[in-house]
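Comments concern the structure below.
A, B, ... follow the sequence lines: proteins, then strands. Residue 1 opens every chain.
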Amino acid sequence: MEKTYQPASIESHWYDTWERNGYFAPSGSGTPYSIMIPPPNVTGSLHMGHGFQESIMDALVRYHRMKGHNTLWQVGTDHAGIATQMVVERQLAEDGMSRHDLGREAFVDKVWEWKEHSGGTITRQLRRLGASPDWSRERFTMDDGFYHAVQEVFIRLYRDGLIYRGNRLVNWDPKLHTAISDLEVISEEEAGKMWHFRYPLSDGSGTLTVATTRPETMLGDTAVAVNPDDPRYQQLVGKTITLPLVGREIPIIADDYVDPQFGTGCVKITPAHDFNDYELGQRHQLPLINILDRDAALNDAVPEAYRGMDRFAARQAVVADLDRLGLLEKVDEHVLKVPRGDRSGVVIEPWLTNQWYVKTGPLAEEAIAAVEDGRIEFVPRQWENTYFAWMRDIQDWCISRQLWWGHRIPAWYDDQGNIYVGRSEEEIRHQNQLDDRPLCQDEDVLDTWFSSALWTFGTLGWPQQTELLKIFHPSNVLVTGFDIIFFWVARMIMLTLYFMKEVPFHQVYVHGLVRDSHGQKMSKSKGNVLDPIDLIDGIGLEELVSKRTAGMMQPQLRERIEKMTRADFPQGLAAYGTDALRFTYYSLASTGRDINFDVGRIEGYRNFCNKIWNAARYVLMNTEGMDCACGAGQRDYRLGLAEHWIVSRLQETSASVEKAIGQYRFDLASQAIYEFIWNEYCDWYLELSKPVLYGDEADQERKRGTRRTLIQVLETTLRLLHPFMPFITEEIWQRVAPLADRAGDSIMLAEFPQCDAQLIDVRANADIEWLKAVILAVRNIRGEMNIPPGREIPVLLKNGSEDDQRRSVQNHELLIRLAKLASIEWLEPRQLAPDSATGLVGNLEILVPIAGLIDKTAEIARLTREIGKLNQDLERKRGKLANPAFVAKAPPAVVDKERKKVETQAQAVTRLEQQLASIQAL
RNA sequence: ACACCCGUAGCUCAGCUGGUUAGAGCGUCGCCUUGACAUGGCGAAGGUCGGUGGUUCGAGUCCACUCGGGUGUACCA
């Protein structure tokens, strides 16, 4: 084996082996366990969030596979309507073409072509992460099977009255020329203005002042509204004003919607271009005047002067013209929420169109019940509140999109405006006994989330009642981020309940969002993104800088990003390897909502890999080609205390890991393994094995017992670690398993370690804790007194209990070797000790005679500090015990424990004070 | 405005149903190339757990209020 761990040289090799051998597919036996991957966007590439999420799923899947479950991890990608269409349109634009030049069919062919060539980036990257989904069953939300499922769902919902077509205001994206759902609109505060206009009353008796943030919409005003109880305006209700610039006479109406306190208490009403005004307009039967075209330029419904103007140009013009007429009262600075499309970034317009909607009310009811009664459980629980809040106030879902890439809506129209929904034109003609009147299919496609909502059952072959569907649906858990609870989770629950009559998954594990080490969201514009692949393979500073600043238009932004990157990563990124990256993810997967990714952590876990690697080297050096007494029926070996202890701790560790995984606490699971491997197996057990293996004291039986334990504990630990670090565990396991007499082609297929409670040895644990404490006490003195680690020193023991005596005898050799002692000698209780530095383990005094070794001042300082600490704590405890209420009300066991502690600590203080006095007397 | 989350060592975070002297990693300071590992070993320093009040024998942990940071939802033209 290499002296240091080299991730790059093992990872691809093992991945290929696993995939080639079909290890990722369900075994076909055992309790079913399934996870459906949240399908990543086909245009996407792996970001830190994906890395985190996929690592979690992979750990779960590998764990269950090793537990012998019939495990399916369903993989696939999402066709991502708008995103994909934009990518291909951008490519066309480079050749000076638009999709319209190509036409619908040719364009869609082009998208498919693009998907075949470039759509595989993210799945390749998933492999780099060591993800083990069943690639043979990979799906795409636009593949044939999915096409049928989506069609079927649409048709059935339509027939059941849960899908309808309606002419309403939608969120219109004037750049992408499509409607989008309210979830795809991001409203953020922006600086704007509030214009105050005077509207003249038609009877010439004066003016009303209205305020608006969007002056251009006044061209579409059809009323002015006031509050019915507002005394200022009561007498005006029923009168009309003459709309300036337009000349239209519009009514003054009264409606509770108007807040008399806000602004002037008069509101201009533009029902065709504002959601609130629309509703008010419905109540008062106001006409809708649509003044915008699909580009959000003004149409022919406005006076000629404004026709064809862009909405923002029109805004300027309207303001200027009103000003000229003396109707502009004032302009205030005003901060307002501006709605923008999450894809295009342009301001969204409420616009009147025909769209398809899902009637969500009845579906939501069921979906709420499923979570209320526990058929679906959110982890952590509090996300259920978010889910309920949205579900209980759900709006109908606009599912049509004016795109070319996506599932075309299976609806046809005849020339009389009749709508027919069905699988094909042929079917529709047949079913409706239509003559050969012309039919044309709806031009629109469905919201991508509509097809994603069918993911858990669509991927398993629905609408066919497949065997897989029976076995693997519902899936066990959905692993996802809270940002798509509404977009996806909720909709998936609604549609799956409706069509499958069962939940899509039993649990939803909601993980946090990966941010940078300062808690900032990673984004390209901030230039703080980390590419998981770069953390695996490493990247030079220059390349990192150019990657982060690529395509940056603003030079000042570019400069800032470059500066920040050079400061944060002066050496670029080292090649940490997949296992280290994954382990970092797990260590950060606590219950919080934000996961701040600090490169310092991954470096620590790369070192951890190296530690494992070198521990394995040590074990192999001492076991390969030797008798490890591992064969079946082998009895020719003997175990010592250290062996019982490490095996015992391994059982306890397995139990905590298992418990943590069950609670999705990957941070706790990873920490338990980390501590076991580093702080117990490496720091102590390997050291404890050396005196046995290298010394002359132990006989061959003991040596065999030690080798057996070294190799078996390592082998078991590798299996425990495998779901988290698939590569390094496989690489080492291949060499270790045969020595431990464990057969199998891959650690992936080996059994996950189970805690054997019978092997938990409380006495061995206590004995080793004692041994560690004594060694630590000596090391502490050595460290503080600057005694060179190599120098062997004599130790005197005094005032020990029977246990102390037994332990010191039984572990004599280990104490000598690990604490580097020259000798151990017991003093009689009354025997006068030579001047020494002192350590305490319980009541046992550990004395290192000074004899030229000890720095008097240092020892005084050390003792004083120690006494101070003990006294402070003693005081607290005595105070507690002096409180009659504590003694009376606290459980007796607690009181008793406290008493005992006070007793031993008081003695300890006395001892140390005596020591201090004698040192000071020197 | 409402809801939720977070606030623990210089930094990034644990601390499960309240009960040892509040832990880890990174960083810092000593010492050490001891035959698995300097991507290492040994030792040490570092925290009035955001604040106030309450419940309790006992609060980092439960409750109320408050300050600071964040997210989501609803928004008034």
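Atom CG in Asn596(A) sits roughly 13 Å away from atom C1' in C5(B) (whole-Å rounding). Note: OH (Tyr199(A)) to P (A77(B)) measures 15 Å, nearest angstrom. For the pair Lys897(A) NZ and G19(B) C1', the computed distance is 7 Å after rounding to whole Å. For the pair Arg865(A) CZ and A44(B) P, the computed distance is 8 Å after rounding to whole Å. Note: CD (Glu675(A)) to P (G23(B)) measures 12 Å, nearest angstrom. Distance Asp598(A) CG to G10(B) C1': 13 Å, rounded to the nearest Å. Straight-line distance from the CD1 atom of Ile595(A) to the P atom of C6(B): 13 Å, rounded to whole Å. C6(B) atom P lies 7 Å from atom CD of Gln382(A), rounded to whole Å.
Asn276(A) has no side-chain polar atom (N or O) that falls below the 4.0 Å cut-off from OP1 or OP2 of A77(B).
Contact annotation for His196(A): no contact, since no heavy-atom pair falls under 4.0 Å across all strands. Here Leu776(A) lies in heavy-atom contact (under 4.0 Å) with sugar-phosphate atoms only. Among the protein residues, Val258(A) comes within range of the nucleic acid bases, having at least one heavy atom under 4.0 Å from a base atom. At the heavy-atom level, Thr264(A) lies nowhere under 4.0 Å from the strands shown. As judged by a 4.0 angstrom heavy-atom cut-off over every strand, Pro884(A) is placed among residues making no nucleic acid contact.
Note on ring orientation: taking the six-membered ring where Trp is involved, the planes of Trp678(A) and Tyr674(A) are tilted (angle from 30° to 60°).
The pair Lys772(A)-Glu769(A) counts as a salt bridge, with a side-chain nitrogen and a carboxylate oxygen less than 4.0 angstrom apart.
Comparing Ala885(A) and Ser587(A), the nucleotide of RNA chain B nearest to each residue sits closer to the 5' end for Ser587(A). Along RNA chain B, the nucleotide nearest to Asn679(A) and the one nearest to Glu866(A) differ in position, and the one closer to the 5' end is contacted by Glu866(A).
The ring of Phe262(A) lies on top of the base of C76(B), close enough and flat enough: under 5.5 Å between centres, under 30° between planes.
Spacing of P atoms, C63(B) relative to C4(B), comes out at 12 Å, to the nearest Å.
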Table of protein N/O atoms under 3.5 Å from nucleotides 32-41 of chain B N/O atoms:
{"from": "A36(B)", "atom 1": "OP1", "to": "Lys690(A)", "atom 2": "NZ", "distance (Å)": "3.2"}
{"from": "A36(B)", "atom 1": "OP2", "to": "Tyr694(A)", "atom 2": "OH", "distance (Å)": "3.1"}
{"from": "A36(B)", "atom 1": "O2'", "to": "Asn614(A)", "atom 2": "OD1", "distance (Å)": "2.6"}
{"from": "A36(B)", "atom 1": "O2'", "to": "Arg617(A)", "atom 2": "NH1", "distance (Å)": "2.9"}
{"from": "A36(B)", "atom 1": "N7", "to": "Lys690(A)", "atom 2": "NZ", "distance (Å)": "3.3"}
{"from": "A36(B)", "atom 1": "N6", "to": "Cys682(A)", "atom 2": "O", "distance (Å)": "3.3"}
{"from": "A36(B)", "atom 1": "N6", "to": "Glu687(A)", "atom 2": "OE2", "distance (Å)": "3.2"}
{"from": "A36(B)", "atom 1": "N3", "to": "Asn614(A)", "atom 2": "O", "distance (Å)": "3.2"}
{"from": "A36(B)", "atom 1": "N3", "to": "Ala615(A)", "atom 2": "N", "distance (Å)": "3.2"}
{"from": "C37(B)", "atom 1": "O4'", "to": "Asn614(A)", "atom 2": "OD1", "distance (Å)": "2.9"}
{"from": "C37(B)", "atom 1": "O4'", "to": "Asn614(A)", "atom 2": "ND2", "distance (Å)": "3.4"}
{"from": "C37(B)", "atom 1": "O2'", "to": "Asn610(A)", "atom 2": "ND2", "distance (Å)": "3.0"}
{"from": "C37(B)", "atom 1": "O2", "to": "Lys611(A)", "atom 2": "NZ", "distance (Å)": "3.0"}
{"from": "C37(B)", "atom 1": "N3", "to": "Lys611(A)", "atom 2": "NZ", "distance (Å)": "2.9"}
{"from": "U39(B)", "atom 1": "O4'", "to": "Asn607(A)", "atom 2": "OD1", "distance (Å)": "2.9"}
{"from": "U39(B)", "atom 1": "O2'", "to": "Asn610(A)", "atom 2": "ND2", "distance (Å)": "2.5"}
{"from": "U39(B)", "atom 1": "O2", "to": "Arg606(A)", "atom 2": "NE", "distance (Å)": "3.2"}
{"from": "G40(B)", "atom 1": "OP1", "to": "Asn607(A)", "atom 2": "ND2", "distance (Å)": "3.0"}
{"from": "G40(B)", "atom 1": "O3'", "to": "Lys611(A)", "atom 2": "NZ", "distance (Å)": "3.1"}
{"from": "G41(B)", "atom 1": "OP1", "to": "Lys611(A)", "atom 2": "NZ", "distance (Å)": "3.0"}
{"from": "G41(B)", "atom 1": "OP1", "to": "Trp678(A)", "atom 2": "NE1", "distance (Å)": "2.7"}

Between the protein and nucleotides 69-72 of chain B, list every N/O to N/O distance that falls short of 3.5 Å.
{"from": "G70(B)", "atom 1": "N2", "to": "Arg593(A)", "atom 2": "NH2", "distance (Å)": "2.1"}

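Tested against Phe482(A) for a ring pair (Phe, Tyr, Trp, His ring centres under 6.0 Å), the candidates Trp383(A), Phe378(A), Trp390(A) yield a single pass: Trp383(A).
Under the Watson-Crick or G-U wobble criterion, with both distances below 3.5 Å, G47(B) has no partner in any strand shown.
A donor-acceptor pair is defined here as one N or O able to donate and one able to accept, closer than 3.5 Å; such a pair exists between the side chain of Asn227(A) and the backbone of Val258(A).
Under a cutoff of 6.0 Å and an axis angle of 45°, Lys690(A) and Tyr618(A) form a cation-pi pair.
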